[in-house]
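Accompanying notes for the structure given below.
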Amino acid sequence: MSAPPPTGSDKRHFPDDASLPGEHFEVRQTHPTGDYTPDRSKSFPLSPARQALVEDIIALYEMKPTVERVKRYTPDCVYNDQFVYADDRYKMAGQWFALPKLFKSAESRGYQVVTNDRDLIQFRHEEAWTFRIIPKTAVINALVSLSLDPGSIDSNFIRVKYHKDQANDKDYSNEGLGATFKKWQADNVAKHMDSPEVKAFEADKDAGKEARRTYGSGGKEGNAPVKNL
């Protein structure tokens, strides 16, 4: 496959209306094997603005949150991974600033950009998490999908509408007890964070949001087509 231009291909995945909340910007996919081990030598090149975005997201994964880095998300963003479903930037800030309470260290061991489209960047990412209480390190390979804000795609500070971290071959159904826990966790962590950095985003609690979309399944029958990314 030939690499798209560093500024992104012309392919569009989402609406062009920046006023729509993050729920409108979810990309869905399943993977043939669930192996997201990155190969940096095959990574697509990015423009300086897109590279800066990815580097800020990687820094957040490495437990280096700042107010400016959290501003990479729109107030009405959505974050969705195995453990968290956060549907505004206040909750998102709570997650990033809470990580050091759970982990002693977090190290990004490499990434590979596999999609660079007009409004979507996806990269394979390998991360090593060392727990604070239990002396154990877990290495996770995941597909990170950043759905880009239509209002900032052409700026020097690109923002994210929907951030998905997918570590398995299947996508999320967004249903059941697991999904309920993910949302409950995100809804409550920020409330208990005594941090001026998190409080800086308190107004975002009122950002526009819609009900979490459900799919019945995380497989291709749940609107998650197979993509060998």
Side-chain angles (χ1 to χ4, degrees), residues 11-31 53 57 60 70-99 115 117-122 142-153 158-193 198-227 229:
K11 186 175 181 179
R12 297 172 185 261
H13 300 260
F14 311 112
D16 228 4
D17 184 354
S19 70
L20 293 173
E23 277 290 352
H24 288 262
F25 297 84
E26 180 185 8
V27 64
R28 292 185 61 76
Q29 63 267 310
T30 54
H31 189 271
L53 167 64
I57 298 299
L60 289 171
V70 175
K71 286 182 179 178
R72 282 294 188 176
Y73 299 93
T74 61
D76 58 3
C77 70
V78 172
Y79 177 90
N80 195 1
D81 72 9
Q82 294 181 87
F83 309 106
V84 176
Y85 181 90
D87 58 0
D88 62 50
R89 190 167 57 182
Y90 173 63
K91 297 173 189 176
M92 191 70 265
Q95 295 298 313
W96 289 125
F97 282 99
L99 283 178
T115 301
D117 292 337
R118 168 72 178 164
D119 54 5
L120 177 66
I121 296 173
Q122 293 176 295
L143 178 69
V144 177
S145 299
L146 305 176
S147 303
L148 308 181
D149 164 39
S152 60
I153 284 177
I158 302 171
R159 301 197 298 174
V160 175
K161 277 282 192 179
Y162 200 114
H163 178 162
K164 180 178 285 185
D165 185 297
Q166 188 175 335
N168 299 308
D169 57 331
K170 291 187 177 180
D171 210 320
Y172 305 114
S173 69
N174 295 336
E175 296 183 16
L177 289 175
T180 299
F181 173 78
K182 283 165 51 168
K183 190 171 189 309
W184 176 87
Q185 193 262 85
D187 288 350
N188 284 278
V189 166
K191 297 177 186 177
H192 300 288
M193 291 290 293
V198 174
K199 290 187 185 300
F201 297 98
E202 204 161 10
D204 295 339
K205 289 190 293 186
D206 300 321
K209 51 176 70 78
E210 293 183 2
R212 178 179 48 188
R213 298 184 179 187
T214 57
Y215 300 93
S217 166
K220 58 184 180 181
E221 64 277 8
N223 194 26
V226 177
K227 303 175 187 176
L229 296 169

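Not measured: the values here are computed from a predicted model.
Between the side chains of D17 and S19, at least one donor N or O lies within less than 3.5 Å of an accepting N or O. For Y215 and N174, the side-chain atoms include no donor-acceptor pair closer than 3.5 Å.
Under the 4.5 Å side-chain criterion, counting only non-hydrogen atoms from C-beta, L60 is not in contact with M92. Contact annotation: the side chain of T30 never approaches that of D169 to less than 4.5 Å [non-hydrogen atoms, C-beta and beyond]. Using a 4.5 Å heavy-atom cutoff, the side chains of H13 and F25 are not in contact. In this structure, K161 and D119 have side chains that are not in contact, with every pair of non-hydrogen atoms separated by 4.5 Å or more. Contact of the F97 side chain with the V70 side chain is registered, since non-hydrogen atoms from C-beta on lie closer than 4.5 Å. At a threshold of 4.5 Å between non-hydrogen side-chain atoms, the residues Y73 and I57 count as touching.
Formation of a donor-acceptor pair under 3.5 Å by the S152 side chain with backbone atoms of R159 is found in this model. Using modelled atom types, no side-chain atom of R28 and backbone atom of G218 make a donor-acceptor pair closer than 3.5 Å. Remark: the backbone N or O of A224 is not paired with any side-chain donor or acceptor of D171 at under 3.5 angstrom. In this structure a side-chain-to-backbone donor-acceptor pair under 3.5 Å is missing from N168 to K170.
Within the model, atoms CD of Q122 and CG of L143 stand 5.0 Å from one another, a figure rounded to the nearest 0.5 Å. Rounded to the nearest 0.5 Å, atoms CG (D187) and NZ (K182) are 12.5 Å apart.
For the pair Q185 and F83, the tightest heavy-atom approach, listed with the atom from each and the gap, is NE2-O, 3.5 Å.
Between W96 and H163, the angle of the ring planes lies from 30° to 60°, which puts this pair in the tilted group.
When the ring-ring contact (aromatic ring centres under 6.0 Å, His included) test is applied to H31, the partners found at least two apart in sequence or on another chain are Y36.
Note on residues 206-216: pairs passing salt bridge (Lys or Arg N to Asp or Glu O under 4.0 Å), not counting sequence neighbours, are D88-K209, E210-R213.
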